[in-house]
Amino acid sequence: MAKKANGSGGPRVALVAGCRTPFMRQNGAFRDMTALELGRAVVKELVERSGVRSDAIDQVVYGQVVPSVSAPNIAREVVLGVGLPRDVEAFSVSRACATSYQAAVSVAEAILAGSIECGIAGGADSASIVPVTVSEKLSKTLVRLSKAKSLGEKVGLLTKLAAKDLLPVPPSPKEPSTGLTMGESAEKMAKENGISRADQDALAHRSHQRAAAAWADGRFAEEVIPVYALPKLEPALEDDVVRRDSTLEGYAKLKPAFDRRHGTITAGNSSPLTDGASAMLLMREDKARAEGLEVLATIKSWAFAALDPFEQMLMGPAYAAPRALDRAGCALADMALVDMHEAFAAQVLSNLQAWGSKRFAEEKLGRAAPLGEVDMDRFNVSGGSISIGHPFAATGGRQLVQTARELKRRGGGLGLVAACAAGGLGAAVVLEVQA
Amino acid sequence: MSDARGTFRADRPEGGPPGADGAWSGGSVSATTTRPTDTPAPAAPVQVAPPTGGAPEEVAPGLTIARRPDGVAVLRLDVPGEPVNTLKPDFAPAFGQALDRLERDGRVRAVVLASGKPDSFVAGADIDMLAKVTRPEEGADLSRQGQRVMDRIAASPKPFVAAIHGACLGGGLELALACHGRVASDARKTKLGLPEVMLGLLPGAGGTQRLPALVGVQAALDLMLTGRQLDGRRAKKLGLVCEVVPPPIVLEVACARALALADAGRAPGPGPARSLFSREGLTEAALAGNPLGRRVLFQKAREALLAKSQGNYPAPEKILDVVRTGLAQGQRAGLEAEAQAFGALCVSPEARALISIYHATQALKKDNGTGDPSVVARPVTKVGVLGAGLMGSGVAAVTCDGAGLHVRLKDRDPKAVGHGLAKVRGGLDQKVKRRRMTALDRDQVWGRVSGTTTYAGFQGCEVVIEAVFEDLGLKHKMIADVEAACPPTTIFASNTSSIPIGKLAAASKRPAQVIGMHYFSPVEKMPLLEVIVHDRTAPEVTATCVALGKQQGKTVIVVRDGPGFYTTRILAPYMNEAAWLLAEGVAVDALDRALVQFGFPVGPITLMDEVGIDVGEKVGKILLEAFGARFTPPAGIEKLIADGRLGRKNGRGFYRYDPPAAGDGKKKKAQGEGTKPVDESVYALLGVKPTRREPDEAWAWRCTLMLVNEAVRCFEEGILRSARDGDVGAIFGLGFPPFRGGPFRLVDALGAAEVVRRLDALARAHGPRFEPAALLRSMAAAGQSFHGASAVAPRALATPGGPAGA
């Protein structure tokens with residue numbers, strides 16, 4: 001964790017370019033593409049569009065949340081698979097839903113430390129191609145079988161297996177430490193914070209309206225690349241989650257997904273399982289200018305935070321944002337735009353509530369004053385994960401680039417971008433865009 | 001080493017020559033043999049010292065013996081001053097001496113044959129020495145000398161093992177076959193094959209006898225008749241080599257194998273170690289193992305061969321004969337038959353023609369396309385391709401795969417881009433499926449291609465190749481777009497087949513960087529690239545595009561700008577003559593068959609359907625406008641277009657492309673694969689009755705002489721830089737019969753006077769379009785030819801980037 005704000009006199013990290021694939025529903029247009037293939041597609045296009053010399057790139061930091069058995073170091077596989085020079089070093093990161101925050105920060109830190117000048121950061125996830133494993137018992141038995149010396153020993157091992165041990169095991173949606181799914185965590189937060197179903201549905205509706213408007217007026221055209229999806233190379237051009245004809249009444253009809261009787265979290269006010277990838281080109285600001293590249297934004301500060309996941313697990317932004325703002329030397333009110341990852345409408349509303357709560361500030365953050373109320377005209381102005389979708393590792397990259405571009409479109413200013421992540425983690429970044 | 005497939009025997013067979021005598025001249029050749037160069041020999045030949053033992057002993061220049069303490073002698077060939085080893089005339093005495101010494105030396109228990117070249121074993125025999133053969137008996141003698149050296153190795157009391165890394169072709173493979181064991185590297189560069197047939201020859205140093213003995217008749221025939229080359233893994237699968245290992249240990253493994261053979265004293269007998277119980281083993285036993293089966297096998301092989309060669313190529317037939325003789329009458333008789341056949345083929349016009357083409361392509365490999373060797377091609381890392389259709393995606397495919405460069409493929413809408421990318425990917429997947437590429441390599445290649453609907457990413461393209469619709473206005477817009485999106489050094493190349501490059505360049509701010517790159521469809525398969533330079537194309541630009549074409553795996557000719565350039569221009573009168581023949585009542589399929597029998601891969605009417613009748617008509621009009629009456633089509637062709645017949649692309653042409661009805665299935669099969677019925681309604685449309693239904697060679701000559709005559713005009717106008725380019729262009733671009741050597745070789749073979757006589761006769765019978773080119777008349781009068789000592793000089797054109805000075 002960086003202790004000081006980025007760029008008080010020293011070098012500054014510039015976000016030079018960024019793009020993402022369209023985010024597509026699970027088992028949709030990207031059903032046959034792995035996270036790695038999505039990552040390659042977006043990084044390839046980022047390099048092509050940015051016009052960066054490929055030999056100027058020092059490093060690629062990339063991530064995925066759903067682990068891949070075939071490509072454990074996705075970052076290196078991305079480098080080798082898009083024709084980048086083979087001496088571009090690469091490592092992979094995972095910070096759950098804040099993975100591409102971590103990727104960007106890792107590159108930024110290396111730039112500030114002076115070890116590199118330029119790097120690519122991002123993340124990709126597929127909810128369509130997931131590692132289905134075998135039961136723990138079968139797995140252990142197979143390893144022991146390979147070490148078994150006699151036939152008798154082998155037979156002995158095999159007879160201990162029951163039929164159920166042979167069933168394939170899909171990846172678990174549960175948190176390993178809390179045993180709760182994300183939805184159950186959100187449900188708990190909605191109840192504890194008194195977030196109504198109506199408010200959640202209204203936020204979801206708003207999210208879809210905003211995203212639909214952004215597509216309609218061409219705001220996403222620049223940053224969302226066409227992906228020619230394997231195997232048939234049919235182009236996927238736009239997010240397929242966004243509802244162009246969203247009506248508030250529609251949300252009310254949906255049944256709660258996690259607590260059938262008393263719950264408020266529905267498929268409509270949660271982010272859906274999605275396939276997609278994002279990528280950002282980060283460079284030391286002076287280097288970017290020397291290369292003749294346009295700087296989209298500079299990264300003013302960042303912060304990560306963690307809270308007790310047994311309390312309200314998805315409150316990360318409530319903890320990380322104040323830190324990032326402090327490091328940037330700014331207040332929430334200075335922000336021209338605020339963008340928060342929408343895992344669940346209940347989680348967004350809980351965090352906004354905490355930002356405005358004096359009690360939360362005092363009890364949880366040890367601060368005298370709350371962060372403040374968010375001006376909703378500046379909040380998630382082009383939609384969020386509920387309407388656009390949420391390929392876990394790609395979301396941070398989407399938020400950062402989307403916010404930087406929107407700031408640019410609005411004539412510059414500061415932007416706060418934040419996300420919650422599994423395990424009670426939070427991430428926040430303050431961006432600055434020159435007028 | 002019980003699995004050794006060596007044929008080493010401690011005893012010497014009867015009649016084996018006591019020593020290598022006479023000049024070894026290497027009876028066989030390979031298509032990858034490089035010609036001697038003028039590069040001086042290095043001061044000291046590069047020698048890789050064996051891990052143990054003293055300094056190697058030089059037997060003769062390029063041939064050394066290194067004795068190892070373990071009793072293995074490494075006999076290493078390293079022909080001085082050449083990038084690869086070839087078997088040359090002066091190789092034989094040296095080899096004889098080496099064998100003498102090795103046999104005499106009691107410390108030597110076994111011999112490993114290796115190459116001193118980094119990535120090649122022996123690429124074949126020196127082709128140039130074959131040119132000196134004038135009588136069949138000389139050729140047969142060359143073959144016998146080669147056979148004797150191989151026999152001596154095979155009969156040596158000490159086991160020989162070949163350590164193979166890199167090209168092991170033609171005479172090189174025959175040398176390896178004579179050894180008692182073969183160890184090959186698993187490197188991609190390692191290729192084993194007998195490509196002699198591609199030059200109209202056969203393996204003349206015992207290969208026709210030893211290969212069947214080692215791998216079985218069927219596999220051997222396949223290798224010899226196709227000239228196919230195998231990598232180490234496939235060679236091992238076939239039993240051609242005993243072991244496949246990584247390159248760094250090839251020599252050591254070969255030494256160990258040689259010692260094991262020496263220890264065993266007697267190695268297992270000759271013949272494949274293939275089990276009788278494998279599928280191949282059973283077929284082999286059933287077909288090749290008894291006289292009746294052999295008869296069936298050879299009859300089938302000959303039928304398949306004649307269907308393909310139309311009887312125009314004697315070499316494959318001789319290969320069948322010679323292999324059969326060896327099987328029926330024993331190796332001695334087989335070797336003698338091989339020598340005789342080799343001699344006969346050496347002086348055959350077919351081999352002469354094929355070798356001349358080979359020489360031409362080799363010369364083109366070294367030609368930068370400008371006539372000035374000091375011109376250096378610019379480096380190219382990324383190529384932009386405009387238009388993701390059939391041609392554009394093909395160009396993208398050969399650029400990312402063959403050339404290994406980055407490609408940005410652009411089209412107007414994402415669907416078109418997707419289609420283009422799917423074509424590229426489909427080709428790659430096909431290669432993976434056929435095991436010609438690994439999935440990992442495919443992913444690497446795939447990572448170099450990307451699609452776009454904008455010019456984003458074009459800023460890094462050193463060359464942009466357009467393959468958009470043939471429309472001058474559209475192409476002018478492409479030039480303007482590229483000039484706006486790309487740096488000022490970017491080359492704009494057009495894949496037009498008919499629009500003069502000068503007309504394109506007229507709209508350019510940088511005309512020196514506008515050039516034509518005319519690919520042929522399907523780009524992945526067709527070997528020719530015709531680069532077209534206009535008056536102001538910079539030499540450096542030409543050299544860059546020529547180099548790019550070669551990287552893409554193409555044989556590249558550079559021609560001067562003009563309507564139809566070279567290939568399109570000579571094809572048009574050929575096709576037009578076919579149309580005239582139809583108008584005279586020649587049946588569509590009979591005409592096609594006549595040209596196929598003449599040696600073209602497909603007939604002109606089939607070609608018309610493939611290219612598109614509308615495209616042909618459009619190009620014909622352009623040329624008619626440019627060159628006048630001799631391009632006039634017969635009346636009626638326009639009716640085809642009015643009838644909506646565009647050819648195969650819309651399923652309506654001279655032939656029928658509708659799927660056969662249920663009842664037709666059997667009939668179609670009986671006709672043979674790929675036979676499609678003529679759409680008989682076409683005759684009524686043309687207003688003719690197809691009265692002439694039997695193929696006539698005279699038709700083929702009419703079409704071909706129209707092509708040849710136009711080619712000569714291209715030569716006299718300076719469109720061509722040389723007759724060589726004209727021959728290569730017609731063969732590789734249009735499928736002109738290779739055994740005829742190309743239009744200019746054809747003139748030389750007949751003599752200009754005879755060509756003039758035939759054209760005059762045709763002009764009297766069919767009209768003035770057959771009027772011979774002025775150059776032909778003057779050559780006839782002066783007794784000149786296009787190639788050889790009395791060659792007529794090409795027209796020099798003093799333009800900076802032009803094809804002058806070839």
Side-chain angles (χ1 to χ4, degrees), chain A residues 17 19 21-22 29 32-34 36-57 60 70-71 76-86 88 218 221-238 279 281 291-294, chain B residues 379 381-385 388 393 396-397 399-401 403-430 432-433 439-462 485-487:
Chain A
C19 51
T21 69
D32 292 312
M33 290 184 82
T34 61
L36 174 58
E37 282 162 342
L38 290 167
R40 282 175 173 171
V42 79
V43 170
K44 174 94 189 160
E45 194 62 18
L46 174 73
V47 173
E48 291 282 358
R49 290 191 177 195
S50 69
V52 65
R53 288 180 302 115
S54 59
D55 56 357
I57 299 163
V60 171
S70 56
R76 183 62 178 153
E77 301 310 323
V78 163
V79 169
L80 297 178
V82 301
L84 281 174
R86 294 186 186 180
V88 174
E222 281 274 296
E223 65 200 72
V224 179
I225 64 161
V227 171
Y228 300 94
L230 288 165
K232 288 188 176 167
L233 284 310
E234 274 163 24
L237 303 173
E238 295 186 5
L281 179 69
E291 291 276 328
L293 296 167
E294 199 188 334
Chain B
T381 59
K382 185 155 93 175
V383 174
V385 178
S393 57
T399 308
C400 66
D401 186 5
L405 302 175
H406 289 260
V407 183
R408 193 77 170 149
L409 182 60
K410 180 186 177 295
D411 210 313
R412 269 179 303 190
D413 66 273
K415 244 194 157 56
V417 174
H419 279 305
L421 289 173
K423 275 211 55 115
V424 177
R425 176 75 183 200
L428 296 174
D429 286 345
Q430 195 72 13
V432 172
K433 211 173 145 193
L440 295 175
D441 288 338
R442 188 258 328 269
D443 291 351
Q444 288 288 307
V445 174
W446 186 240
R448 292 194 280 263
V449 201
S450 61
T452 180
T453 52
T454 70
Y455 283 94
F458 270 64
Q459 66 273 25
C461 295
E462 293 92 350
C486 299

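Within every chain, numbering begins at 1; the chains are lettered A, B, ... in the order of the sequence lines, protein sequences first and strands thereafter.
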query: For the candidates A:E37, A:R53, A:E45, A:R49, which exhibits the highest count of non-hydrogen atom pairs separated by less than 4.5 Å from chain B?
result: A:E45
task: Check each atom of A:R40 against the heavy atoms of chain B and say whether the ones under 4.5 Å are side chain, backbone, both or neither.
output: side chain
message: Under a 4.5 Å cutoff for heavy-atom pairs, which residue among A:L230, A:L84, A:V47 has the most contacts with chain B?
response: A:L230
query: Are any non-hydrogen side-chain atoms of B:P414 and A:Y228 less than 4.5 angstrom apart?
result: yes
- prompt: What's the spacing between A:K232 NZ and B:H419 NE2 if we round to 0.5 Å?
  reply: 11.0 Å
message: With a 6.0 Å cut-off (strictly less than), is the heavy-atom count around CD of A:E294, excluding the residue itself, greater than 12?
response: no
query: Checking heavy atoms, do the side chain of B:V449, its backbone, both or neither come under 4.5 Å from chain A?
result: backbone
- request: Using non-hydrogen atoms and a 4.5 Å limit, figure out which bit of A:K44 sits close to chain B: side chain, backbone, both or neither.
  value: side chain
- prompt: Is B:Q459 reaching over with its side chain to a backbone N or O of A:E48, donor-acceptor style, under 3.5 angstrom?
  reply: yes
- request: Please state whether the side chain, the backbone, both or neither of A:S50 comes within less than 4.5 Å of a heavy atom of chain B.
  value: backbone
message: Within the structure provided, determine whether B:Q444 and A:L80 are in side-chain contact (heavy-atom separation under 4.5 Å).
response: yes
